[in-house]
**Student:** 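First the structure, then my questions, so here it is.
This structure is a prediction, so every number in the text was calculated from the model and none was measured. When a residue number appears, it is its place in the shown sequence, counting from 1.
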Amino acid sequence: MADSFQELRDILKIGKIPANTSQFSEACHRRLLDALAAAGTPDAPGMGDIAAAIRHVLRREDELQGGMSQTLKIPRTFPFPNREIWQQSGINILVEGSDYYVISARPWQPNWLDFSEQYAPDKPVFKEKNRRNYEEVAGDPFLELVDRKKYRSVGQREAIRAVLTAPENSTLAINLPTGSGKSLCAQLPALLRSQTGGVSVIVVPTTALAIDQERALKPFVNHPTAYYRDESEAGKQKRKEIRDRLRSGTQRIVFTSPESLMNSLAPALYKAARLKKLRYFVIDEAHIVEQWGDDFRPAFQELPGLRRDLLRLTSFTTLLLTATLTESCLDTLETLFGKPGPFQVISAVQLRPEPSYWFAWCQSEEIRKERLIEAVYHLPRPLIVYATKREDVRRLEQDLLGAGFKRCAVMTGESSAAERSQLIQDLRERRVDIVVATSAFGLGVDQSDVRAVIHACIPETIDRFYQEVGRGGRDGKAAISIALHITEDLKIAQYINDKSAITIERGLQRWQSMFLKKEPSIDGPFRVPVNIPPSYQLADIDMNSEQNQAWNIRTLTLMSRAGLIEMDADRPPLRINYKSEEDYQQAWKMHRESRFIRIRDESHLRKQTWEQKVEPIRQQSQNRSYKNLELMREALRSERCISEILAEAYTIGDRAIPEPRKMVRVSPACGGCPVCRKNGRSLFSGIMPAPSPVWQNPKFFVGEELERLLAGDKLMLIFYESMEDKSWKRKSPQVFHWLSEQGIRNLVVTHEFYSTLIKEPNLISDAFLFLFEKYQPILMPRIPTLIFHPPGKAIPDNYLSQNRTSDAPLIIMLPVDTPDPSRNDRKLIEIFSGKYFMFNHFCTEVNL
């Protein structure tokens with residue numbers, strides 16, 4: 001029996017809760033003790049909380065002991081539950097003393113979940129078996145900058161290599177699943193390119209995520225990196241120091257919200273751009289740019305205009321990070337971020353294997369309430385309950401409080417930033433066990449040990465459903481998804497789906513209203529107000545101002561996708577340009593409430609133009625939304641495996657025009673669904689696909705001296721006599737270092753030889769080198785490459801291929817006695833007609 005469990009037994013017997021619970025290896029033990037310690041305080045748990053926490057401890061120990069039922073001796077005193085609560089939570093009372101119970105927990109197998117008798121729904125989640133199968137792969141040398149030797153996944157490796165070879169002003173959408181290391185794809189290149197100065201801005205959806213990212217990078221960056229609203233004196237000073245470092249180009253990375261970036265941070269960012277210090281412009285959770293739901297945030301759709309204006313001042317790479325990329329979202333991102341530079345997508349999409357899926361139709365709201373409370377009693381903590389409407393969230397909270405669950409919190413689109421941050425902190429510090437929320441809870445929330453997600457609704461798209469299910473099992477261990485739905489839910493989902501796209505009549509009305517109040521600027525674009533109503537009818541005038549502004553920005557985004565306009569930006573006001581603080585604040589008010597627009601189609605005010613150009617885009621978006629809802633319906637009907645439904649949602653077809661795009665394929669996975677249980681099919685998980693290089697013309701540099709030696713050739717051989725030669729041992733590290741400084745970025749060597757080279761402290765200086773053990777041109781970036789060919793092995797034909805399509809130099813270092821690959825009876829050096837050097841001659845030529 002686990003020591004931690006025995007120690008917990010002893011504590012429950014004597015009733016003395018330790019102040020420090022860190023010695024308990026199981027999180028559920030710590031959660032129970034924290035809840036018991038809070039008894040009698042304002043954070044006191046309810047009886048339901050205690051019962052569920054003890055059930056969690058017992059069922060977890062059952063699974064650790066191979067299914068053998070374990071027992072606990074529990075006092076019959078406050079704050080422990082009464083007999084009725086124990087029974088509701090699936091607890092057996094084995095012995096009843098005058099002041100104690102001896103209890104055990106039985107598996108949860110409700111008769112309202114199909115096949116629960118054969119497959120106990122709670123067994124996998126209490127067992128916590130790891131289901132994630134991403135395999136680490138060999139790292140490149142520069143990973144040591146963040147104390148890593150391996151990539152977390154093949155997708156992470158290829159994405160980081162693509163970022164580092166991205167052409168100037170390009171945009172790269174990175175589509176990687178949860179847990180595969182997506183964040184590092186932006187952070188590592190930003191660190192690499194700011195070692196001697198530089199700034200990268202990473203836009204995140206929540207303050208909590210900004211703080212998380214700052215904490216993760218603290219060992220590698222010696223100054224604060226999270227910029228968020230904090231009105232304390234220390235908070236104000238921290239923000240000022242970040243802005244000062246941005247202005248000087250020394251704020252290596254800053255994590256911030258789109259709202260802060262568009263407002264208080266913008267002047268400092270413009271100064272960094274004017275100094276040519278901006279390296280990367282990154283949007284994390286980039287799919288938010290397309291979302292128009294309850295938690296729509298206009299600032300996300302304004303980022304393209306800001307980026308476009310910054311690109312007039314300097315060159316940088318734009319990165320769009322997401323784990324859930326649909327075709328509609330990709331089209332939107334490409335429209336908004338595809339110019340002026342090239343736009344590419346790198347994807348390694350594997351469906352998540354962690355969740356098992358259970359669906360139950362309920363005849364009434366009352367039956368759903370009963371089943372929800374039953375599930376909450378039986379499932380592990382922490383767990384999330386999702387509803388669609390805010391009023392439903394508040395009602396569900398009251399239902400749970402009435403059932404004895406006080407360690408419960410809510411989040412909706414109305415929750416303030418401070419409330420959201422406090423909830424996430426309470427969840428992490430085990431003061432909250434249950435979150436009841438709308439779709440507003442999720443973005444940027446990375447609580448790794450959520451085991452259960454319950455939907456008391458039907459999401460309006462399969463995409464929203466999958467994203468919300470994705471809050472569970474983020475540590476790679478088994479999770480459970482339960483959808484409890486009633487007939488009325490489908491009507492609500494349909495209504496939300498219908499209202500997500502503005503009609504062209506209403507859109508044109510809004511545009512006419514904005515355009516009527518336009519102000520021309522000096523260099524061409526118009527400034528249009530986004531805070532005015534679409535008409536002066538009473539209903540429009542009384543419209544919520546934030547909601548009205550959001551719809552106006554949606555209208556501009558739709559017009560931009562249709563090619564009628566181009567969303568732009570203007571520099572934020574500077575205090576020194578205004579005589580008074582009042583004038584300055586008035587200028588900021590105008591800046592916030594208006595947008596810069598460039599006209600691309602002079603017939604933008606004609607209804608016929610909207611019908612011909614805007615309506616097809618709007619209809620395409622609406623059709624995709626309808627399809628997404630239909631896939632959600634199909635999941636509820638359970639007619640095919642959930643992995644097939646999700647694969648259909650996230651597969652993106654290839655295309656030839658307007659710009660070529662490769663197909664995004666989806667590797668399937670199913671942690672258990674109704675169809676698989678019905679057919680007796682085992683759980684399965686596909687392998688993460690390895691993306692191929694995306695850039696046809698990647699960015700690379702070749703030094704003047706190397707260019708001189710190549711003299712127009714793209715292939716050069718360097719022959720060495722022996723690796724035992726004293727001259728080789730002394731000079732070879734210097735040669736590798738020189739080639740690195742001259743632009744060599746691909747290093748193809750055996751692992752053993754690389755291990756020898758890396759011991760030389762100055763080998764790679766501050767450059768990045770990709771490390772390969774094989775030369776596979778199709779699978780590696782088309783950038784300057786060095787192959788070190790060891791003695792005693794034949795040289796492959798493809799080393800000397802005359803059909804190389806890359807313009808990047810290839811240098812091969814090989815033994816002087818290497819045979820001709822086409823004839824073993826002669827040496828390559830005797831017949832090679834291209835550019836080559838003997839090793840010592842090469843060293844002399846480059847003054848080594």
**Student:** Any Lys/Arg nitrogen of R368 or E488 sitting under 4.0 Å from an Asp/Glu carboxylate oxygen of the other?
**Tutor:**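 No, no charged N to carboxylate O under 4.0 Å.
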**Student:** Walk me through it: do I54 and L32 pass the test side-chain contact (heavy atoms from CB on, under 4.5 Å)?
**Tutor:** CA-CA 7 Å; I54 288 177; L32 170 60; 3.7 Å; yes
**Student:** Would you check if there is a donor-acceptor pair between the side chains of R131 and S356 at a distance under 3.5 Å?
**Tutor:**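 No donor-acceptor contact under 3.5 Å links the two side chains.
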**Student:** Distance check, rounded to the nearest 0.5 Å: Q187 atom CD versus K182 atom NZ?
**Tutor:**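 The CD atom of Q187 sits 10.5 Å away from the NZ atom of K182.
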**Student:** For E135, I'd like to know if atom CD has over 12 heavy atoms of other residues, nucleotides or ligands within 6.0 Å.
**Tutor:**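 For E135, atom CD is not crowded (no more than 12 foreign heavy atoms under 6.0 Å).
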**Student:** Restricting to pairs with a member in residues 372-382, which pass salt bridge (charged side-chain N to carboxylate O under 4.0 Å, His left out), not counting sequence neighbours?
**Tutor:**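 Listed once each, the pairs would be none.
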**Student:** Do P674 and D114 come close enough that some side-chain heavy atom pair is under 4.5 Å?
**Tutor:**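 Not in contact.
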**Student:** Do R394 and E397 meet the salt-bridge criterion of a basic N to acidic O distance under 4.0 Å?
**Tutor:**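 Here E397 does not pair with R394 in a salt bridge, since their nearest N and O are not under 4.0 Å apart.
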**Student:** Does E214 use its side chain to pair, donor to acceptor, with the backbone of A226 at less than 3.5 Å?
**Tutor:**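 Side chain of E214 to backbone of A226: a pair is present.
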**Student:** Closer than 3.5 angstrom, by distance alone: can the side chain of R132 be matched with the main-chain N or O of R474 as a donor-acceptor pair?
**Tutor:**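 Confirmed, R132 side chain pairs with R474 backbone.
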**Student:** Looking only at non-hydrogen atoms, find the nearest pair between D43 and A38 and report the distance.
**Tutor:**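 So the minimum-distance heavy-atom pair works out to O-CB, 3.6 Å.
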**Student:** Can you tell me how far apart NZ (K150) and CZ (R148) are? Round to the nearest 0.5 Å.
**Tutor:**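 So the gap between those two atoms works out to 10.5 Å.
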**Student:** I'd like to know whether S232 forms a side-chain hydrogen bond (donor to acceptor under 3.5 Å, both in side chains) with D230, so could you lay out the CA-CA distance, the side-chain angles of the two residues, the decisive distance to 0.1 Å, and finally the verdict.
**Tutor:** CA-CA 6 Å; S232 68; D230 177 355; 2.9 Å; yes
**Student:** Is any side-chain N of the basic residue among R59 and E63 closer than 4.0 Å to the acidic one's carboxylate O?
**Tutor:**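 Counted as a salt bridge, because a side-chain N and a carboxylate O are separated by less than 4.0 Å.
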**Student:** Please work out whether the ring planes of F465 and F359 are parallel, tilted or perpendicular, with thresholds of 30° and 60°.
**Tutor:**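 Plane angle between 30° and 60°, so tilted.
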**Student:** Taking the six-membered ring where the residue is Trp, are the ring centres of Y101 and F80 under 6.0 Å apart?
**Tutor:**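 No, ring centres 6.0 Å or more apart.
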**Student:** Do Y377 side-chain atoms and A403 backbone N/O form a donor-acceptor pair below 3.5 Å?
**Tutor:**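 Checking the backbone N and O of A403 against the side chain of Y377, a donor-acceptor pair under 3.5 Å is found.
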**Student:** Does K477 have any side chain to side chain contact (heavy atoms under 4.5 Å, CB included) partners at least two apart in sequence or in another chain, and if so, which?
**Tutor:**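 Only E128, R451, D475 meet the side chain to side chain contact (heavy atoms under 4.5 Å, CB included) criterion with K477.
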**Student:** Atom CH2 in W86, atom CD1 in I93: separation rounded to 0.5 Å?
**Tutor:**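 If I round to the nearest 0.5 Å, the distance is 8.0 Å.
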**Student:** Do NZ/NE/NH1/NH2 and the carboxylate oxygens of D34 and R430 come within less than 4.0 Å?
**Tutor:**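 The answer is yes: the pair qualifies as a salt bridge.
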**Student:** Set out, in order, the CA-CA distance, both residues' side-chain angles and the distance that settles side-chain contact (heavy atoms from CB on, under 4.5 Å) for W108 and L379, then state yes or no.
**Tutor:** CA-CA 8 Å; W108 184 48; L379 291 174; 3.9 Å; yes
**Student:** If we only count heavy atoms from C-beta on, is the F255 to L217 side-chain gap below 4.5 Å?
**Tutor:**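 Heavy-atom side-chain distance check passes, below 4.5 Å.
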**Student:** Return the OH to CG distance between Y386 and L396, rounded to the nearest 0.5 Å.
**Tutor:**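 Here the interatomic distance stands at 13.5 Å.
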**Student:** So does F126 get a backbone contact from the side chain of R60, meaning a donor-acceptor N/O pair under 3.5 Å?
**Tutor:**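 Yes.
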**Student:** Out of M68, Q70, R9, which residue meets the side chain to side chain contact (heavy atoms under 4.5 Å, CB included) rule with E61?
**Tutor:**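 That would be Q70; it is the only one of M68, Q70, R9 passing the side chain to side chain contact (heavy atoms under 4.5 Å, CB included) with E61.
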**Student:** Just do the salt bridge (Lys or Arg N to Asp or Glu O under 4.0 Å) check on R239 and E231 with the steps written out, would you?
**Tutor:** CA-CA 10 Å; R239 292 204 306 277; E231 293 307 314; 3.7 Å; yes
**Student:** Starting at CD of Q350, measure out to OG of S643 and round the result to the nearest 0.5 Å.
**Tutor:**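 Reported to 0.5 Å precision, the distance equals 11.5 Å.
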**Student:** Donor-acceptor check, side chain of N20 to backbone of S22, threshold 3.5 angstrom: yes or no?
**Tutor:**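 Between the backbone of S22 and the side chain of N20 there is a qualifying donor-acceptor contact (under 3.5 Å).
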**Student:** Side chains of E26 and S4 only: does a donor on one sit below 3.5 Å from an acceptor on the other?
**Tutor:**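 No, S4 and E26 have no side-chain donor paired with an acceptor closer than 3.5 Å.
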**Student:** State which residues pass side chain to side chain contact (heavy atoms under 4.5 Å, CB included) with A37; sequence neighbours excluded, sorted by chain then number.
**Tutor:**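 Scan of A37 (side chain to side chain contact (heavy atoms under 4.5 Å, CB included), adjacent residues dropped) gives I17.
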**Student:** Would you check, one step at a time, whether the test side-chain contact (heavy atoms from CB on, under 4.5 Å) holds for R76 with E96?
**Tutor:** CA-CA 9 Å; R76 295 180 63 175; E96 183 173 352; 3.2 Å; yes
**Student:** Could you check whether any side-chain heavy atom of L36 comes within less than 4.5 Å of a side-chain heavy atom of I11, counting everything from C-beta outward?
**Tutor:**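 Of all side-chain heavy-atom pairs linking I11 with L36, none is under 4.5 Å.
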**Student:** Using side chain to side chain donor-acceptor pair (under 3.5 Å) as the criterion, list what pairs up with S682, not counting sequence neighbours.
**Tutor:**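 None.
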**Student:** For residues I458 and I486, report the shortest heavy-atom separation together with the two atoms involved.
**Tutor:**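 Minimum heavy-atom contact is CD1-O, 4.3 Å.
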**Student:** Checking the side chain of S180 only, and the main-chain atoms of P177 only, is there a donor and an acceptor separated by less than 3.5 Å?
**Tutor:**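 Confirmed, S180 side chain pairs with P177 backbone.
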**Student:** Kindly give the heavy-atom pair with the smallest separation between Q109 and P121, and that separation in Å.
**Tutor:**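 Answer, listing the atom of Q109 first, then P121: CA-CD, 4.3 Å.
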**Student:** Check this for me: R229, atom CZ, are more than 12 non-hydrogen atoms of other residues, nucleotides or ligands nearer than 6.0 Å?
**Tutor:**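 Incorrect, the count does not exceed 12.
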**Student:** State the CG-CG distance between L321 and D284, to the nearest 0.5 angstrom.
**Tutor:**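 Going from the CG atom of L321 to the CG atom of D284 covers 5.0 Å.
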**Student:** Only one of I492, T412, T438 clears side chain to side chain contact (heavy atoms under 4.5 Å, CB included) with K389; which?
**Tutor:**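 For K389, the side chain to side chain contact (heavy atoms under 4.5 Å, CB included) test succeeds with only one of I492, T412, T438, which is I492.
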**Student:** What closest approach, in Å, do L8 and F24 show between heavy atoms, and which atom pair accounts for it?
**Tutor:**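 Heavy-atom minimum between the residues: N-CE2, 3.9 Å.
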**Student:** Would you say K127 has more than 12 foreign heavy atoms packed within less than 6.0 Å of its NZ?
**Tutor:**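 No, because the 6.0 Å sphere around NZ of K127 holds 12 heavy atoms or fewer from other groups.
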**Student:** Just wondering, do Y134 and R152 contact through their side chains at under 4.5 Å, heavy atoms?
**Tutor:**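 A side-chain contact is absent here, since even the closest heavy-atom pair is not under 4.5 Å.
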**Student:** Does the side chain of V469 reach to within under 4.5 Å of the side chain of Y357, using non-hydrogen atoms?
**Tutor:**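 Touching, per the 4.5 Å side-chain cut-off.
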**Student:** Measure the shortest side-chain to side-chain distance between E136 and K149 over non-hydrogen atoms and say whether it is less than 4.5 angstrom.
**Tutor:**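 No - every pair of side-chain heavy atoms lies 4.5 Å or more apart.
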**Student:** Measuring only between side-chain heavy atoms, which start at C-beta, is P81 closer than 4.5 Å to Q88?
**Tutor:**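 P81 vs Q88: side chains apart.
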**Student:** With side chains defined as the heavy atoms from C-beta onward, is the minimum distance between H223 and T225 less than 4.5 Å?
**Tutor:**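 They are in contact (side-chain heavy atoms under 4.5 Å apart), so the answer is yes.
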**Student:** Going by the side chain to side chain donor-acceptor pair (under 3.5 Å) test, which pairs reach into residues 46-56, not counting sequence neighbours?
**Tutor:**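 Every pair satisfying side chain to side chain donor-acceptor pair (under 3.5 Å) with a residue in residues 46-56: R55-D122.
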**Student:** Would the distance check show the side chain of R352 and the main-chain N or O of G470 forming a donor-acceptor pair, the cut-off being under 3.5 Å?
**Tutor:**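 Answer holds: yes.
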**Student:** Would the number of heavy atoms belonging to other residues, nucleotides or ligands and lying under 6.0 Å from CD of E117 be above 12?
**Tutor:**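 Count not over threshold, so no.
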**Student:** Can you name the nearest heavy-atom pair linking L351 to Y466, along with the distance?
**Tutor:**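 Closest pair (atom of L351, atom of Y466, distance): CA-OH, 3.6 Å.
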**Student:** By side chain to side chain contact (heavy atoms under 4.5 Å, CB included), which residues pair with Y100, not counting sequence neighbours?
**Tutor:**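 For Y100 the side chain to side chain contact (heavy atoms under 4.5 Å, CB included) partners, ignoring immediate neighbours, are K73, V95, V102.
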**Student:** Would you say the side-chain atoms of T21 pair up with the backbone N or O of R30, donor to acceptor, closer than 3.5 Å?
**Tutor:**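 Side chain of T21 to backbone of R30: no pair is present.
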**Student:** If only atom types and distance count, is the side chain of S667 paired as donor or acceptor with the main-chain N or O of I687 below 3.5 Å?
**Tutor:**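 Yes: the side chain of S667 pairs with the backbone of I687.
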**Student:** Looking only at heavy atoms, which two atoms of H378 and S89 are closest? And how far apart?
**Tutor:**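 Result for this residue pair: NE2-C, 3.6 Å.
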